[in-house]
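What follows is a set of notes on a single structure, which appears directly below.
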Amino acid sequence: MKKIVLLVVLLAVIAAGYFGLPAYREWKHRRFIAQAREYLAKSDLRNAALSARQALVIDPSDIEACRIMARVTESIHMPAAVEWWQKIVNLDNSVSNRIELARCTLMFGNYTRAGQILQNIDPTNQDNALFQQLIAMVDVGEDNIGAADWHFARAAKLAPGNKSIQFDEAVLHLQARNPEYVSQARLALEDLTTDPQFRKDALRHLALAAVRNRNFTAAEEFSRQLESGTNATFEDGILQLSVSRAAHSPDFDSQLASLKTQAAAKPEQIYTLAAWLGAHDLAADASQWLGRLPDTMQTNTTVCMARADTLMALGDWPGLVNFLQDQNWGDYEFVRLAELARANREQRLDIVSEANWQDAVQAANGSLAPLVTLSRLAAAWHWSNQREDILWDIVQHYPGERWALQSLNQMYMADADTRGLQKVFSTLVDFDSNDLVAKNNLASLDLLLNLDTGDAAQMAREAYLKHPKISAFAATYAYSQYVQGDTAAGLKTLETLTPQQLAQPGVAVYYGVLLAAAGETNKAAKYLDIADTGNLLPEEKDLVKAARAAK
């Protein structure tokens, strides 16, 4: 009987373990989420992130944990926030999540990608104030001020009492050329300084605008109000320093000394002030100050990064190599290795530099944020080959990062690299076979390079038949007809366009070529001249040259 009882108890214990484990894991998961919420509400970002990550260990697809990680990384301005919002969208492709992704992407200055995210939202969900405000900010980032103005006006009409929209619109108009717009914007921002929510940002923009207009008295007054506020930040002190320097104020030295003292024990503030000094031709001052910091600060990674940046600003390449050797920057080791590559390359040690750069790429470990940082460093240093390789790595491993393809497109356009452009648009078509613009561009490039001309002609025809009034589509389709031996059909296609469209350089090149092929050389000359005013690819220039030589 004892054996039976013992066996029943043993089976019960086993069953409790077997059936209780999922319930226990679920309880732990809920507890971690609750803790993360509580910590986030208290602005305890470190513990909020730890709790959310523990929840994600149990359930990697938990949207709320991902959202908490997105909020935390946004709060400390980490680019990883964009990756978290992208993960949320991958899990739940709702309109609200896509708008949050666009907003966060804008926060980190990627206007092109934010615009793509917003444009892909169904038109029925676009006519609301938040969407219009975000698309207006994309327009501002892309310097399309007229469109931004329209979208801000639409947002204001949809939400007439929304002060956030009023603020954004005033900031936009503050930079306008129309004096009346500027005056109205200044008054609107001055009015918003009475609102605690907008006071600081309004004062910042008013101070910066006053500096641009060389009204230093007003700039100093606005920055003084900002700095004297009970919730003034270190960045507010930096703004006041900028104003004082621009105004040649006698208070500059004392303000700088005060900020150095304030920053001495805070690595992030040390980096911010050192970067400001370097950007204002005061790198030597920054170097001396950093060298006098307490020993406890000298090994801090952020401070080490500030010292390295200062040595680069001074052009002290041997000093930079000596400083960077035998260090380890932890999560930022890839930056140290990249800067070592820069220092060695500046000393013409190209083989060593290349090895350093490859080590930096390896240290990035395929993670998006480090790869983005490396691409930006390569761009800042004008290292085209290294930047190109990094961007293609991003495209390959993170296909949702369409901005990388846009950056490659801009690089290849600047270099008139037809094969590079062909690779970009081939990739875009692979990602989205319904992208008619990409298909048309790929067809045009394939035809110029004599690659898969049959498929290219089919793509050109598909794009043209769907949108025959788009001049670029008509030009590509007409050229495909010419390549296939039907010049007359190609001319007929082009002559459906308006005279204004035919006078566009990108269209005129093909109209001129087809006219010359048809024996209308006199008429062709006019359009070939127009073509010469555009940014032609080498193969297009060869077409123009051959057309001019036609008898």
Side-chain angles (χ1 to χ4, degrees), residues 40-41 43 45 70-71 74-77 81 96 99-100 102-109 111 114 118 128-141 143 145 147-213 215-244 246 272:
L40 188 61
S43 297
L45 302 181
R71 299 294 185 198
E74 267 188 35
S75 297
I76 55 178
H77 208 72
S96 60
I99 284 178
E100 287 288 355
R103 179 194 56 75
C104 184
T105 305
L106 266 174
M107 189 168 116
F108 290 95
Y111 302 104
L118 292 169
N128 63 74
L130 178 58
F131 179 91
Q132 295 296 327
Q133 189 176 9
L134 290 176
I135 202 72
M137 292 168 73
V138 169
D139 290 329
V140 171
D143 204 27
I145 304 303
D149 211 5
W150 188 92
H151 287 295
F152 273 131
R154 182 63 187 158
K157 188 173 182 180
L158 289 166
N162 190 323
K163 287 189 176 181
S164 176
I165 296 170
Q166 295 171 20
F167 174 80
D168 288 340
E169 189 173 21
V171 170
L172 174 66
H173 286 169
L174 199 62
Q175 303 167 64
R177 294 181 181 177
N178 186 322
E180 186 179 347
Y181 272 24
V182 174
S183 178
Q184 290 174 353
R186 190 182 298 114
L187 290 172
L189 286 173
E190 287 177 1
D191 185 55
L192 285 167
T193 61
T194 62
D195 188 319
Q197 182 182 350
F198 297 98
R199 175 177 171 78
K200 292 180 67 175
D201 285 333
L203 286 169
R204 287 190 187 106
H205 284 286
L206 286 166
L208 291 170
V211 170
R212 283 197 302 272
N213 294 325
N215 185 353
F216 297 121
T217 301
E220 288 184 299
E221 174 59 23
F222 288 131
S223 64
R224 186 197 61 75
Q225 290 182 44
L226 189 60
E227 177 65 11
S228 64
T230 55
N231 56 349
T233 65
F234 186 74
E235 287 69 25
D236 295 332
I238 291 286
L239 176 59
Q240 187 178 43
L241 199 64
S242 300
V243 171
S244 294
T272 298

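When all heavy atoms are compared, the tightest approach of Ala207 to Ala219 is O-CB, 3.7 Å. Leu158 and Ala129 make their closest contact through CD1-N, 3.8 Å (heavy atoms, listed as atom of the first residue, atom of the second, distance). The two atoms that bring Leu134 and Leu106 nearest to each other are O-CD1, 3.6 Å, heavy atoms only. The shortest non-hydrogen separation linking Cys104 to Ala81 is SG-CB, 3.6 Å. Gln133 and Ala155 get closest at one heavy-atom pair: N-CB, 4.0 Å.
Atoms CZ and CD1, on Phe131 and Ile99 in that order, are 7.0 Å from each other to the nearest 0.5 Å. Here the CG-CG distance, from Leu203 to Leu239, works out to 9.5 Å after rounding to the nearest 0.5 Å. Here the CG-CD distance, from Leu206 to Gln225, works out to 9.0 Å after rounding to the nearest 0.5 Å. If you take CZ on Phe222 and CG on Leu208, they are separated by 11.0 Å, rounding to the nearest 0.5 Å. Residue Leu130 holds its CG atom at 8.5 Å from CG of Leu118, rounded to the nearest 0.5 Å. In this structure, the separation between NE2 on His151 and CE on Met137 is 13.5 Å, given to the nearest 0.5 Å.
Proximity of Phe152 to Gln132: side-chain heavy atoms (C-beta onward) are nowhere separated by under 4.5 Å. No side-chain heavy atom of Phe216 sits under 4.5 Å from any side-chain heavy atom of Ser244.
Residues forming a side-chain hydrogen bond (donor to acceptor under 3.5 Å, both in side chains) with Gln240 (at least two apart in sequence, or on another chain): none. Taking Thr194 as the reference, nothing meets the side-chain hydrogen bond (donor to acceptor under 3.5 Å, both in side chains) condition, with sequence neighbours excluded.
Residue pairs that meet the salt bridge (Lys or Arg N to Asp or Glu O under 4.0 Å) test with at least one member in residues 191-203, sequence neighbours left out, are Lys163-Asp195, Lys200-Asp236, Asp201-Arg204.
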